[in-house]
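Below: one structure, written as structure tokens.
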2 protein chains.
Amino acid sequence: MTFVQQPVLVPAAPKPTALLPLTDVTDAAACGSSVGRAAIAPADADALARQLKALADPARLRILSIVGAHLDSEACVCDLTDVLTLSQPTISHHLKVLVDAGFLTRSKRGTWSYYRLVPGALGGVAQVLPSL
Amino acid sequence: MTFVQQPVLVPAAPKPTALLPLTDVTDAAACGSSVGRAAIAPADADALARQLKALADPARLRILSIVGAHLDSEACVCDLTDVLTLSQPTISHHLKVLVDAGFLTRSKRGTWSYYRLVPGALGGVAQVLPSL
DNA sequence: CCAGTTCATCGACAAATGTCAATCTATGGG
DNA sequence: CCCATAGATTGACATTTGTCGATGAACTGG
């Protein structure tokens with residue numbers, strides 16, 4: 001189990017302006033704290049929060065994990081309904097959330113819908129987090 | 001701007017049983033998909049979702065960023081009320097969420113409350129994400 | 001002791017979210 | 001054709017969440 005850290009390739013990334021754009025660094029409060037660098041821009045915080053919101057659900061994390069656990073990082077809905085204790089519409093809803101957030105892609109073949117991990121999408125979020 | 005990637009040291013981590021405990025790997029659906037490894041355990045998905053839920057808010061991301069932007073990774077509430085366009089009770093609420101989730105610590109000195117980043121907390125989440 | 005400051009807590013409210021039953025839309029097989 | 005199956009959509013519902021105003025608690029300076 002090595003996890004080669006793919007070349008990122010985030011698709012739904014809203015253009016990371018400089019990974020950490022500024023807000024402003026011009027104040028000195030009475031409590032005597034000093035600023036070392038600039039903080040995240042509000043627009044970037046919004047975008048990152050949207051991505052994290054899509055991940056911040058136990059069912060969706062399990063879905064991503066189950067899809068990623070398949071040999072080709074691809075699974076159909078029946079693979080999920082078997083394991084998750086949730087109704088089929090609920091699972092379908094979670095899948096839509098993950099697709100809209102850019103973590104999964106959907107491809108319909110015949111009667112079945114196959115979902116696939118977007119390479120680097122999770123890694124992109126993981127890369128930005130520690131630099132907050 | 002280098003971001004040295006600290007030695008992790010996650011404090012509030014709920015004991016990662018093996019980073020990816022199993023659920024079960026014993027089925028073969030009609031759609032013909034094959035399992036390569038085990039998925040995340042439901043309990044671990046719950047724990048990770050709780051952490052992510054604490055992060056999945058623009059105001060809280062900005063708070064973490066502002067605290068981390070200070071030279072000693074420490075800031076008082078007044079540093080936040082100056083920048084964020086939110087009422088003081090709302091900011092206090094977000095701070096409590098981040099403390100409860102293990103991303104910040106609070107230390108009161110005199111009239112001021114100082115919040116400090118928990119070293120490795122964000123990195124711990126970031127490390128687990130790509131291995132889903 | 002009193003007034004002002006800093007921050008947390010409480011109560012209320014609208015909005016967002018997770019869930020399900022019911023329904024709809026393909027697709028495939030007789 | 002007709003029916004069965006896989007999955008998406010819809011509508012409804014309870015719960016959670018983000019926000020604020022009002023209030024409370026603790027410390028500081030006159």
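Just so it is clear, the model here is predicted, and its values are computed rather than measured. Lettering follows sequence order; numbering is per chain, from 1.
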What integer distance in Å separates [X]:[atom1] from [N]:[atom2]?
X        : N      : atom1 : atom2 : answer
B:Leu55  : D:dG18 : CG    : C1'   : 16 Å
A:Leu98  : C:dT17 : CG    : C1'   : 14 Å
B:His93  : D:dA22 : NE2   : C1'   : 17 Å
B:Lys96  : D:dT19 : NZ    : P     : 17 Å
A:Trp112 : D:dA4  : CH2   : C1'   : 12 Å
A:Arg62  : C:dG18 : CZ    : P     : 16 Å
A:Asp57  : D:dT15 : CG    : P     : 17 Å
B:Arg50  : D:dT16 : CZ    : C1'   : 15 Å

Ignoring backbone atoms, test whether [X] places a side-chain nitrogen or oxygen under 4.0 Å from the OP1 or OP2 oxygen of [N].
X        : N      : result
A:Arg106 : D:dA8  : yes
A:Ser92  : D:dT9  : no
B:Thr90  : D:dT19 : no
A:His94  : C:dT19 : yes
A:Ser87  : C:dC20 : yes
B:Tyr115 : C:dA8  : yes
A:Arg109 : C:dT27 : no

A:Thr111 side chain, from C-beta outward: closest of D:dC27, C:dG28, C:dC7 =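 The answer is C:dG28, which lies nearest to the side chain.
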Checklist line | Nucleotide nearest B:Pro89 when distance is taken to its side chain, options C:dC10, D:dA8, D:dT19 | finding: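 Minimum distance to the B:Pro89 side chain belongs to C:dC10.
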- Message: Between A:Lys53 and A:Lys108, which residue's closest nucleotide on DNA chain D lies nearer the 5′ terminus?
- Response: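 Looking at DNA chain D, the more 5' nearest nucleotide goes with A:Lys108.
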Under 4.0 angstrom, heavy atoms only, what part of the nucleic acid is A:Leu86 near: base, sugar-phosphate, or nothing?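 Counting heavy atoms under 4.0 Å across all strands, the contact made by A:Leu86 is with sugar-phosphate only.
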- [ ] State, yes or no, whether a side-chain contact exists between A:Leu64 and A:Arg60 at a heavy-atom distance under 4.5 Å.
- [x]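 A side-chain contact under 4.5 Å is absent here.
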Indicate if [X] and [Y] have the same hydrophobic cluster label, given that clusters are the connected sets of ILVMFWY residues with side-chain heavy-atom separations under 4.5 angstrom.
X        : Y        : result
B:Leu55  : B:Leu95  : yes
B:Leu132 : A:Val99  : yes
B:Ile66  : B:Leu122 : yes
B:Leu104 : B:Tyr114 : no

**Asked** Donor-acceptor pair, B:Arg116 side chain versus B:Asp72 backbone, under 3.5 Å?
**Response**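 Yes, because the side chain of B:Arg116 sits within donor-acceptor range (under 3.5 Å) of the backbone of B:Asp72.
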ask   = With nearest nucleotides of DNA chain C determined for A:Ile91 and A:Gly110 from heavy-atom distances, which residue corresponds to the more 5′ nucleotide?
value =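 Looking at DNA chain C, the more 5' nearest nucleotide goes with A:Ile91.
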ask   = Does the base of D:dA8 carry an N or O that pairs as donor and acceptor with the side chain of A:Gln88 under 3.5 Å?
value =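 Result: at least one qualifying N/O pair found.
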